[in-house]
Amino acid sequence: MPRRAYITTSIPYVNAAPHVGHALEFVQADIIRRFRELSGDEVFLLTGTDENSLKNVRAAELLKITTQELCDRNSKLFRDLVDGINLKYDVFFRSSDKKSHFAGAQRLWELCDQAGDIYKKEYSGLYCVGCEAFYTEGELEDGLCPEHKTRPELVHEENYFFKLSKYEKRLLKLIESGEFEIIPKGRRNEILNLVKGGLEDISISRSVSRSKGWGVPVPGDPEQIMYVWIDALSSYINGIGFGTDEKNFKKWWPADLHVIGKGISRFHTIYWPAILLSAGLDLPRRVFVHGYLTVGGEKMSKSNPKTAVSPLDVLKKYKADELRYYMIRDAPSFEDGDFSLVALKDRTNKELLGDLGNLVSRVLTIAEKSKLRSYTGKNVLGGDLDLGRIEKHFSAMELHEALEDVMGLVRGCNRYINEVEPWKLSGKQLEEALYNLLESIRIIGILLYPFVPDTSKRICKKLGCEMGNLQDCKFRDSFKGSIEKGEHLFKKVE
RNA sequence: AGCGAGGUAGGGUAGUCUGGAGUGCCCGCCGGGCUCAUAACCCGGAGAUCAGUGGUUCAAAUCCACUCCUCGCUACCA
């Protein structure tokens with residue numbers, strides 16, 4: 001019986017165009033998803049956009065369009081990116097979608113309220129009159145509004161609060177026991193320290209007037225709109241039917257994995273599980289916190305045009321597989337990595353084309369010339385394959401390590417060709433060499449599926465055999481297939 | 001300031017938890033081989049006080065202490 005896995009990416013804000021960092025997260029989530037499928041699991045993946053921000057209201061006003069129009073426009077860019085990078089998703093969820101989102105968010109609020117965890121209290125925050133928005137101290141530049149360069153006022157208003165403090169001990173226990181798993185360990189320790197340092201209750205609403213009515217109304221209080229926490233985080237359950245389709249919700253919840261960036265780990269590993277505990281819902285099993293990308297060694301920021309690399313532009317020149325390969329190959333799973341167009345070109349030309357593409361090309365040329373239909377012989381390359389190790393890397397989220405292992409097989413095949421020199425062989429010896437190479441390529445093709453799905457499918461097609469899953473990643477007694485070399489897998493990028 | 005993560009050939013990474021010859025991988029550089037392959041592939045080589053100091057140990061990149069440097073976070077950043 002197949003296991004089920006519900007996986008989510010984070011749902012980024014639509015207040016700016018997607019950058020290469022978003023692309024990295026989508027690729028990571030997709031690789032995890034596709035590997036689970038190779039393992040025979042049934043997977044549901046949610047991605048989407050978070051749109052209920054006051055900043056959107058303001059940005060729309062400046063452009064003289066409605067907030068919804070602004071969200072539609074920006075959300076489309078993210079949708080173009082997930083499509084362009086070949087993220088296989090089941091739902092593209094938008095938190096401005098009243099039908100699917102509002103009911104669930106309000107239901108979650110009510111459950112927390114029924115648990116006695118929501119109360120009204122005076123909230124004070126730094127408010128910029130020009131922006132008509134609250135800022136956190138971190139968002140300010142030298143204590144001034146980044147846009148107006150004015151000092152925000154300390155404003156007081158009545159808001160609802162969530163009793164986060166109540167869940168301190170339970171959270172600690174869940175994280176320490178591993179029941180709620182935070183990957184990698186370093187992040188887990190970071191969060192444990194935060195929780196041990198004590199949790200304060202959090203503000204979860206804003207007045208209707210300040211939020212201009214944009215967002216999810218607080219149930220039973222026409223004066224208040226939900227602030228980000230219950231609103232945005234509930235997307236993860238609303239997207240699978242919480243509050244609207246209980247049957248589907250029960251089928252997929254709890255999530256197996258949330259894939260998020262390090263900047264939002266606190267909300268996903270403290271606020272979110274606390275809210276779920278309050279509502280009496282199961283917690284996600286795991287949260288995978290990835291690092292960030294720098295561009296050319298510099299931190300990405302709106303004010304630095306050098307770092308404003310649009311993944312959509314990159315995809316005009318590079319295939320999705322090429323960008324996917326580069327991102328995983330060059331960036332470690334857990335820490336920050338650097339994105340550079342030079343390195344992208346090198347990885348594409350040197351490894352995808354030079355190692356993989358060239359391997360397929362040279363083997364298929366020899367195979368076609370051989371005119372054989374079935375290949376058999378002594379298995380000498382099978383020993384290089386350590387499937388257990390690859391699976392271990394995947395379950396530990398060491399995606400770059402898993403990919404390195406697969407590419408090691410590719411290099412092994414190229415080495416083997418140079419050693420046995422099949423172009424000098426004939427008869428049984430040639431058949432044996434080709435048997436080893438074709439079986440290897442078939443298996444490499446399957447193992448590459450999570451990383452470079454299009455390439456994987458094309459390899460299978462050239463070999464004329466079924467894609468298969470993990471169980472097919474072992475040497476069979478003979479290689480059978482109808483080989484057709486066709487076009488090269490990759491073209492050199494100049 | 002506090003908290004966190006790092007510092008391994010010219011660059012980038014793995015190895016550190018669980019100590020065992022500086023061991024692996026990628027890019028770059030030098031030399032050679034091959035001619036099946038998209039000037040691709042293969043082999044060899046140069047290049048490192050494993051940030052530093054002190055300690056534990058038969059043995060330290062790895063464990064402990066201290067120091068220096070870099071980066072991140074500090075309450076809606078993928």
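The basis for the numbers below is simple: all heavy atoms, side chains too, and nothing from hydrogens, waters or symmetry mates. Residue numbers start from 1 in every chain, and the chains themselves are labelled A, B, ... in the order their sequence lines are given, proteins ahead of strands.
Side-chain atoms of A:R329 lie closest to B:rC25 of the nucleotides B:rC41, B:rC25, B:rG72. Out of B:rU38, B:rG28, B:rU35, the shortest distance to the side chain of A:W423 is found at B:rU35. Closest to the side chain of A:F267, from the set B:rC36, B:rC34, B:rA75, is B:rA75. In this structure, of B:rA75, B:rC27, B:rC36, it is B:rA75 that holds the atom nearest to the side chain of A:R266. Taking the side chain of A:L489 as heavy atoms from C-beta on, and the options B:rA14, B:rU38, B:rC42, the nearest nucleotide is B:rU38. Of the candidates B:rA37, B:rC27, B:rG72, B:rC27 carries the atom nearest the A:D346 side chain, counting heavy atoms from C-beta on. Distances from the side chain of A:I202 to the nucleotides B:rC25, B:rA75, B:rU38 place B:rA75 closest.
Donor-acceptor pairing under 3.5 Å, judged by distance alone, is present between the side chain of A:N418 and the base of B:rC41.
Between A:R347 and the phosphate of B:rG12, there is no side-chain N or O to OP1/OP2 separation shorter than 4.0 Å. Under 4.0 angstrom from either OP1 or OP2 of B:rC36 there lies no side-chain N or O belonging to A:K369.
Spacing between atom CD1 of A:I191 and atom P of B:rU74 amounts to 11 Å, rounded to whole angstrom units.
In this structure, A:Y375 and A:F479 have tilted ring planes: the angle between them lies in the 30° to 60° band.
If you take atom C1' in B:rG12 and the same atom in B:rC66, they sit 30 Å apart, rounded to whole Å.
At the heavy-atom level, A:D355 lies under 4.0 Å from the strands shown only through sugar-phosphate atoms.
Taking the ring centroids of A:W229 and A:F267, they lie under the 6.0 Å cut-off. Ring centroid separation for the pair A:F394 and A:F451 comes in under the 6.0 Å cut-off.
Nucleotide B:rU56 is matched to nothing when pairs are restricted to Watson-Crick or G-U wobble geometry with both distances under 3.5 angstrom.
Here the options are A:D80, A:D50, A:T49, A:D97, the test is side-chain hydrogen bond (donor to acceptor under 3.5 Å, both in side chains), and the partner is A:S75; only A:T49 passes.
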